[in-house]
K.L.:
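Have a look at the structure that comes next, please.
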Amino acid sequence: MTIRARVTVMPKPGVLDPQGKAIGHALANLGFAGVGEVRAGKVIELELAETDPAKAKAVAEEMARRLLANTVIESYRVEIG
Amino acid sequence: MTIRARVTVMPKPGVLDPQGKAIGHALANLGFAGVGEVRAGKVIELELAETDPAKAKAVAEEMARRLLANTVIESYRVEIG
Amino acid sequence: MAIALERAAGRPPAMLFHRETELPRGTDLVVLAGGFSYGDYLRCGAIAAHSPIMRAVREFAARGGHVLGVCNGFQILCEAQMLPGALLRNASLRFLSMDCHLRVERAGTPFTGRWQKGAVFRSVMAHGDGNYFADAATLDRLEGEGLVAFRYCDARGEATAEANLNGSARNIAGILSPNLRVLGLMPHPEDYVDPLMGGTDGLPLFESLVDALAAAPA
Amino acid sequence: MTTAAPQPLPAGRARQLAAEFGLTPEEYDRVLAILGRAPSLTELGVFSVMWSEHCSYKSSKVWLRELPTRAPWVIQGPGENAGVIAIGDGLAAVFKMESHNHPSFIEPYQGAATGVGGILRDVFTMGARPVANLNALRFGDPKLPLTRRILDGVVRGIGGYGNCVGVPTVGGEVNFHPAYNGNPLVNAMTVGIARADRIFTARATGVGNPVVYVGSRTGRDGIHGATMASAEFSADAEEKRPTVQIGDPFTEKLLIEACLELMATDAIVAIQDMGAAGLTSSSVEMAGKGGMGIELDLDAVPQREEGMSAYEMMLSESQERMLMILKPGREAEAEAIFRKWELDFAVIGRLTDTGRIVIRHKGVVEADIPLAPLESEAPLYRRPAAETPKPPPLDPASVPDPVGVAEALRRLVGSPDLCSRRWIWDQYDSTVGGQTVRRPGAADAAIVKIEGLRRALALTTDCTPRYCAADPEEGGKQAVAEAWRNITATGATPLAITDNMNFGNPEKPEIMGQFAGCIRGMAAACRALDFPVVSGNVSLYNETVGRAILPTPAIGGVGVIEDAARAVGLALVPGCELVLVGETRGHLGQSLWLREIAGREEGAPPPVDLAAERRNGDFVRARILAGGVRACHDVSDGGLLVAVAEMALAGDVGAALEPPPAGIPAHAFWFGEDQGRYVLAVEDGAALLAAAAAAGVPAARIGRAGAPGGALVLPGGRSISLAGLREAHEGVLPALMEGR
Ligand SMILES: Nc1ncnc2c1ncn2[C@@H]1O[C@H](COP(=O)(O)OP(=O)(O)O)[C@@H](O)[C@H]1O
Ligand SMILES: [Mg+2]
């Protein structure tokens, strides 16, 4: 059995996000009005050989901490299922 | 009022995802066992000057179609709120 | 790029700003040069493909104008859907800055007139996202219609897996539009147009263009 | 204007904070004396950053003064954002090197990227278009996963920023040593070209002239951690946490174009980038250099985040920002240019004649400091320096050869300090701009042509930290001499250097002794070789848990060659004769052979005879320019056989070698690291030897180039295939990086 985990890694609040800024500009240039802040991050979807969602979550969090996110500049969020 | 939209962009099935593969390898090297498929994508979080979630979703989908995703290689998913 | 164009054509090209909306009168060739437009944020070439000047470029191509996109320019042409397919991250996930060899797959076009089919030349590549991708049907169509312009190969002209440094589908380095007037390619032929730069292997592309454009005024 | 005095901090609190900000009690007393009262928080911030080691050079200045900085071709020596030298045709080369060591340890990608961004700004601030980047890197034990992670991030960061900005990265150097395990060195160098009569400086003049902020907005990036830790200043601690600076190379590119466009007009009086301690150091230095006063209105500063305090804005290290003084009435013209490039533009103050910096925010005067004492009373230390004891020379006869010459060569070319750096430079765009004549690995110095001319720059970075550790003075000499030699080996004339002094804690006498020794050696070499220092950077406190890095005075050298087509590379050419120029004694002390093959790190480093260095180099350069020299390579790390092997590999051409002279053990002859030597591949060996004899330069035939793809044939007939050597040489770094 496997469980799917999704790790979302975003720049921390206050950390400059040049990519988000550029996307915001580009959307405005395309004529989309009313676009406020834009932040760009990564998402990593994993299949884990686990049956217990709580365990899967703990494992994914450890992965995020150790590899997927650099917690100096990024925060992460783990979703299961 | 603003509504937050989250656009997740993932490589389409069948499109090579070397980044996902590399992450899978790196996790295995770090000693994480039982990691199956790994896919790496992007997430863009937007603040939209909207009050109607349905409208916000429609706008975000148009943004995804026109700019945020390249549908030759990527699929997208929009979440609101 | 401007140097290569001036060398081949004998006069300097006009430079356009991304916010301009019209091409200069009498334009016979539009070149989208390399260069991390908009920082290549989001996807390489994606934001530039929507810049104001691109509407004019698209119309120019639709009227049968000649367009050359190199590196970032190729990415922009794909993102603008002026050429099919997309350029993914290099398979190695690393920026690759090195010499490569290209084999001419389609001679007799405005870009390849000075080469024979099968000719092999050296070029420089310098990109992080040059891994050409298209679905199998599109690839088959490109091959069937002879729209593959260049393939990565080794020094002897073999299109091997080792020579395919960025992992492109079927070693494809450059493709043409059906009317053969739009070319996109990842490597930089303009970097070898002077012995001082290490060779003149890329010069035929620009000389071919001069031949073609002199023969067929815009 | 109202001039309400700033709100002083409570006396006890101020003293405590001053200590947290890194001011000593004596330094804080000076602050009190200058102000005549306790400082406000913002004032304390200004003093602490201006008097930090980084901005004030308080521990290093007295030593740096010993370096020669003049030559007829020097237009601007140390003291401005970058050094400037004349390179002919009314043009100038503008260059500097700077460290980003600590940030690169915390966040390798962004640390290295913003290091490149910062040094680029130092160069285009002076009106130059950046044309080349180099990088001098030092990492810990390559077997440690941490080292690999840092190396990977640093290389990606340097490439990520430089490639995107469109400036080619054309050279550099890399060393590995466990002393850098917790403290890698990332030294980035940029070279730009400007018109010699249009150099911009940071000297502000003209009462009433507008102070203009351009570039990115200000956020809470990189603000001194200590303050933020004191919860008192932040209700929501998480929100205000100090953050690592993030680079935005695309904005930098726009900033370059916009600045150069404005510089083509005559609207600018002075300009300075906002580097470390951004708005504080740029405004204080600009006004100070011009003997002016300055008033800033922080409400006008473009801000990325909400609710920033004056203190935060003055100390923010947000990237891609510049401060300018414009001529009166030119604001609209300048603003139009920056808006066109989609950059922020704001008039944030005026120059005054008060000699003070006055900072207002939300209607409150947050700081009011006299500028002259801020500079003249700045602390300056001649810290105690304990000389490094001179190690005894190592007698080559006392180190027998355990493995033989062939095996030692194979191991050496595959050792971390000698293996090919291709894996690194393949990730750097080295040809963007179309002017790169010799790329990394092709010649001892990179050759970058000046657009539209035949003339070219020759660029290199060099330092051998293990020599500096064993004998700082000889090591300092050697670093400068090697840079000079690398430029010479291409046929170019070396003109000037920039340096990046990376050392441990200067409060330790033995570290200060290393610093002083290196400076002494560098100064002697600069003088003997007419190779002055025109810019530089000092990075101290490079220690982890009390252990210092090896003393690392990285040297960035710049030379010029009249005709780029005459520059030679190191690739061997079939049929040439190989001639060694310079004297070989077989010096094994501190050599890589000793470390890698005999497992010993000891002895005196090879001495540098500066007179011989100069004589040999001038001879080699003259021969190259006279023609007939098809390839040239200096002999450095690894010694003669490694140099020959590198030439053979670069050209994919074999060579047959002659027996060493009697009296020197074979391994000492082939792997000794005697200085001042070059291997030349020439068409006519006899003619070269005759010319050398006439010039009093030691030279000897050592072999002959063979055929493409062949082998190195050692005296006695032992043959080492180039294919095998190449595998050993080029396979190492990729394998290491993949953790194999
Ligand atoms: N970090 C780097 N970035 C780019 N090029 C590098 C780097 N490190 C080394 N190189 C290149 O590799 C080649 C060999 O370097 P090095 O062994 O230091 O040369 P040398 O001993 O002749 O000074 C040079 O061309 C140098 O510029
Ligand atoms: Mg060197």
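Just so it is clear, the model here is predicted, and its values are computed rather than measured. Reminder, nothing fancy here: chain letters follow the sequence lines and each chain counts from 1.
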K.L.:
Can you check whether D:S318 reaches A:L16 side chain to side chain, under 4.5 Å on heavy atoms?
P.N.:
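No, side chains not in contact.
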K.L.:
Between CD of A:Q19 and CD1 of D:I246, what distance do you get to the nearest 0.5 Å?
P.N.:
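Answer rounded to 0.5 Å: 12.0 Å.
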K.L.:
Ignoring hydrogens and angles, write down the donor-acceptor pairs under 3.5 Å from the side chains of residues 40-57 of chain A, residues two or more places apart or on other chains.
P.N.:
unit_1 : atom_1 : unit_2 : atom_2 : d
A:E45  : OE1    : A:R4   : NH2    : 3.3
A:D52  : OD1    : A:A54  : N      : 2.9

K.L.:
State the CG-CD1 distance between A:N70 and D:I106, to the nearest 0.5 angstrom.
P.N.:
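Answer rounded to 0.5 Å: 9.5 Å.
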K.L.:
Could you tell me whether the side chain of A:K21 reaches within less than 4.5 Å of the side chain of D:S216, counting heavy atoms only?
P.N.:
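Yes; the side chains approach each other to less than 4.5 Å.
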K.L.:
How close do D:G247 and A:P18 get, counting heavy atoms only, and between which atoms?
P.N.:
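Minimum heavy-atom separation between D:G247 and A:P18: O-CG, 3.6 Å.
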K.L.:
For chain A, find its close neighbours in residues 107-116 of chain D: heavy-atom separation under 4.5 Å, sorted by number, or none.
P.N.:
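Near chain A, by residue number: D:E107, D:Q110.
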